[in-house]
Amino acid sequence: MKKLINSPEDVVTEALQGMELAHPDLLKVHYHPHFITRAVPVKNKVAVISGGGSGHEPMHGGFVGRGMLDAACPGAVFTSPTPDQMEAATKAVAGEKGALLIVKNYTGDVMNFDLAAELVRAENIPIESVLINDDVAVEDSTWTAGRRGVGATVLAEKICGAAAEAGQSLAEVSALCQRVNGQARSMGMALTSCTVPHIGKPTFDLPADEMEIGVGIHGEPGRRRAKILPADGIVELLVDPILSDLPFKSGDEVLLFVNGLGGTPLIELYIVYRRAAQLLQKAGLKITRNLVGSYITSLEMAGTAITLLKLDSELTRLWDAPVLTPALRKGV
Amino acid sequence: MKKLINSPEDVVTEALQGMELAHPDLLKVHYHPHFITRAVPVKNKVAVISGGGSGHEPMHGGFVGRGMLDAACPGAVFTSPTPDQMEAATKAVAGEKGALLIVKNYTGDVMNFDLAAELVRAENIPIESVLINDDVAVEDSTWTAGRRGVGATVLAEKICGAAAEAGQSLAEVSALCQRVNGQARSMGMALTSCTVPHIGKPTFDLPADEMEIGVGIHGEPGRRRAKILPADGIVELLVDPILSDLPFKSGDEVLLFVNGLGGTPLIELYIVYRRAAQLLQKAGLKITRNLVGSYITSLEMAGTAITLLKLDSELTRLWDAPVLTPALRKGV
Amino acid sequence: MDAISSTHIERWLRDCANVFPAHKDELNELDAAIGDGDHGANMARGFAAIPSKLDALAGKEIDGLFRTTATTLISVVGGASGPLYGTFFLKAAAPAKGKLKLTLPEFCTCLDAGLAGIVGLGKAVVGDKTMVDVLTPALAALHPKNGDSLTGALERAVTTAREAAEATIPLLARKGRASYLGERSIGHKDPGATSSALLLEALLGAVQG
Amino acid sequence: MDAISSTHIERWLRDCANVFPAHKDELNELDAAIGDGDHGANMARGFAAIPSKLDALAGKEIDGLFRTTATTLISVVGGASGPLYGTFFLKAAAPAKGKLKLTLPEFCTCLDAGLAGIVGLGKAVVGDKTMVDVLTPALAALHPKNGDSLTGALERAVTTAREAAEATIPLLARKGRASYLGERSIGHKDPGATSSALLLEALLGAVQG
Ligand SMILES: Nc1ncnc2c1ncn2[C@@H]1O[C@H](COP(=O)(O)OP(=O)(O)O)[C@@H](O)[C@H]1O
Ligand SMILES: Nc1ncnc2c1ncn2[C@@H]1O[C@H](COP(=O)(O)OP(=O)(O)O)[C@@H](O)[C@H]1O
Ligand SMILES: [Mg+2]
Ligand SMILES: [Mg+2]
Ligand SMILES: [Mg+2]
Ligand SMILES: [Mg+2]
């Protein structure tokens, strides 16, 4: 295992200490239980809180700050955080207007956030949680765990954060979050596996000429394995199911998010963006906003995920609103 | 070779097309010869121009925009651009106040920029070029190629871009660039090699338990090979030679830049930042500004490089000035 | 007929702090094949935290031992297994309220309540390739048959659990991360089913002393 | 004594468009060991661009052939080798001004001027482990010894070049990227030295027809 870490047990805590040292102006890191809040919490608004396993940096801690999250709860690597982390984080940042928990749809995350929500409600803090489940690689059905939450999470955190900053109510912000989730679809692929520090070897083995199609963000294998294709062919495998799922229609204004999984350099992400943009234009979509970079990672996994969000004037305005976090900044 | 590319010959051009499609509001990409300018060039100021081989993204194209570069010239992967690219870029963006060429100190880059400077002077465009050579892994001497230009390049481009935006003269901006270079030192290490697309296999082989200390940004092997250490030990190997070289003194205000080489995820960079910050504090330095992320990459190489810049009030003010580029944004 | 004492329960829970770290890699590997490779680490982290919490409760009522185990697992484990096993012990506590001893039927009532809690939280049914596939038949097998001893019943439950864990191999996962793999989840043993079997083995060992 | 014609030169430069692509991998590997692995690609890209540029110049003055080669290499190659070989041909052009034929001494004057250009630009001295280590002795060896034929002189130059290229192996690089490796540059053949030897081999081949 080749990583810039000390001992596997300390990865999450030491990375948090690094964030704390790097961004004292933006963040405050709390330990035992671990959670991150803004350096100066703002209580006269709806608090937007998220969390999940570590190993996806900059998500979620890198999105804490003005115009985005009020708090983030990092679990162990690829393991959802515990209810007491979310309870502590919520109590630390939520005011009378309550808190929205943005939850990625994974069994563990859902159960832990549910338990946390119960604990918080017991304290009479108004709280809503919204599930993000945008991954079209997983077929949706009531008798399974359903679709995973992936790229749409970043977009929902930015947009809901802006709405909360603008004074919207808890009901409004959570309805907005549902709308973002409902209008977003994603799909990812991996060229390599990744190594969970405390395991020490790759989660799966992938031959030199093969790739995993339909991976999530926890190093899990994808829906299927295929021979590697040129980038253009790979992008088509990701974009087609996204387009047909919502479905997106000619004339739609969309935000195109090309995400890197951690080990893929930016030069490749732009080659992916190129083809994705060409395909969307062919389909008659208007890409009015975009995001290119590694914002939801699976440790050092090489690969990419594409997320498409159908925009409207409100979502666009909220996407454009000022944001000041370690990982996303604009307008300030 | 596992990459999200089509054919090796098309990597640079297709990545440029992707940038062009992703950032039409910020960039204009010109082809044959290839160079990138701001979407709307501003001629009533000193033009700040840089360039170098591709494979270092976001450097340099990702730094073109208000408050930073006016133009960037991407060469083939790890190969300096040609004089005609720089000549065309300079003519496209330079006005009466002339142009500053920020050149990383590599034989090829220096020679090609020199030839370009000759061509441009012939057109009576005032032009200065400043060499960046901040890599302490290479010992400096007049009878060798001297030190490489690495991390300080990003800092110089930001600071000089801000000075040019503020109306400073060519003489002032180039003196400033020399000052930044003189007060900055860097050193890098690699956990893995990287694969140049048209070569198709890793530039060097590195056993599972070894690392390269003192690497540059072209996938070249480092100064020496060593057994892998915990992150804290690796960071000491990088920070100590940096501190002793300038030397940095107790009480100095510094900017700490922890750079990822392309294949290293952010969670590890924060673990590196943590230790680097601890060491600098021990040495009595004040980290008043910082930058953490993959800003100068060597394709998908896993590893990190640390850059330290001694600040003063002017450099700090210029670092804080608004910037609006694909890769760096603040204050706007 | 012999009963289960607070001492048995405490020994069981303390033993788990050895059992799960010892099976950490095995459970991680099973989870790596169809999940995210952390089930062993999650179980080991969770149960390793239990013993220190029990010191204050030595010889105390069984419901307290269960409740402390529940809250510890919930606050230390995370993931799916944390809330699931946490709920198991939380719901198992109620019927043991104030008790220092439980007859086998009483004990079965506790564990059945725990399983009901897991099902209520996770909504899994037998055949979904989860821990429920093991706990359901194994806890049924724990109920006393005419005139068998406590250890006899426990041995029956453990055998049933081991078989049920193996029986998850051919199944297609419908719950948890493994469900994301669809057809590819077939042919692998479910990690949570395996940890449930280990949990019951530990119980047998603790009662046998 | 036989002279070098514009046709020879044109054939030489066109042949390079085959020679360097054919040796691309070899030169890349040499450069990967002590540089950045692109010397083969750079040379191949540069010389592959030459033939189309020469079509208009068939049978024309030698200085024009050299100048076109120079500007093409400079605008297509990049890296260190682009300006270096570009300057080589640029400086070689001047003494050939207006000439359709060159005697061997005249030709030597051209190439010596080219080498002087390389040294002026790159400041390398013999022993720095660069192309200069090959061109210096090889071009010296090209000067006519009493009564030897053109091909005899060329063969002498080529043999010298090959040996000089091998002789870079034990050297510690003081110029170019290889110098960043310090001691680690020892034990590898310099890619630019190797491409210079190939350049002279191509010349011999072109003259022999
Ligand atoms: N809905 C569910 N109901 C019951 N058990 C479940 C459910 N979802 C997952 N499990 C169990 O949890 C196990 C995985 O636990 P673990 O790996 O610790 O959590 P995570 O999946 O969050 O990484 C699975 O093997 C399965 O037995
Ligand atoms: N200062 C110099 N003078 C002469 N030749 C040089 C000098 N620097 C480098 N070279 C030659 O250039 C070769 C490398 O060329 P190339 O790999 O194409 O460029 P780059 O080093 O920019 O990648 C070296 O092998 C060496 O022979
Ligand atoms: Mg997990
Ligand atoms: Mg090069
Ligand atoms: Mg798991
Ligand atoms: Mg080279």
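Atoms considered below: every heavy atom in the structure, side chains included; atoms not considered: hydrogens, waters and symmetry mates. Proteins get letters first, then strands, A, B, ... in listed order; numbering begins at 1 in each.
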For [X], is it the side chain, the backbone, both, or neither that has a heavy atom closer than 4.5 Å to a heavy atom of chain B?
X	value
A:T304	both
A:L206	both
A:V11	both
A:M301	neither

By a 4.5 Å heavy-atom criterion (distance strictly below it), what part of [X] contacts chain A: side chain, backbone, both, or neither?
X	answer
B:T264	both
B:E20	neither
B:L269	neither
B:P322	neither
B:A277	side chain
B:I234	side chain
B:V235	neither
B:M1	neither
B:N290	side chain
B:I228	side chain
B:V332	backbone

query = For A:M187 and A:I306, what are the C-alpha separation, side-chain angles and deciding distance, and is it a side chain to side chain contact (heavy atoms under 4.5 Å, CB included)?
reply = CA-CA 6 Å; A:M187 182 145 164; A:I306 292 176; over 6 Å; no
* Heavy atoms, side chains only, cut-off 4.5 Å: are A:L255 and A:T307 in contact? -> no
Scored by heavy-atom pairs under 4.5 Å with chain A, the best of B:A208, B:G293, B:G233 is B:A208
Heaviest contributor of heavy-atom pairs below 4.5 Å to chain A, chosen from B:I267, B:L266, B:L299, B:T297, is B:I267
Exercise. What do you reckon, is CZ of A:R66 surrounded by more than 12 foreign heavy atoms closer than 6.0 Å?
Worked result: no
Is a donor from one side chain sitting under 3.5 angstrom from an acceptor on the other, for B:H23 and A:Y270?
yes
- Task: Please state whether the rings of A:F78 and A:H218 are parallel, tilted or perpendicular, taking 30° and 60° as the class boundaries.
- Result: perpendicular
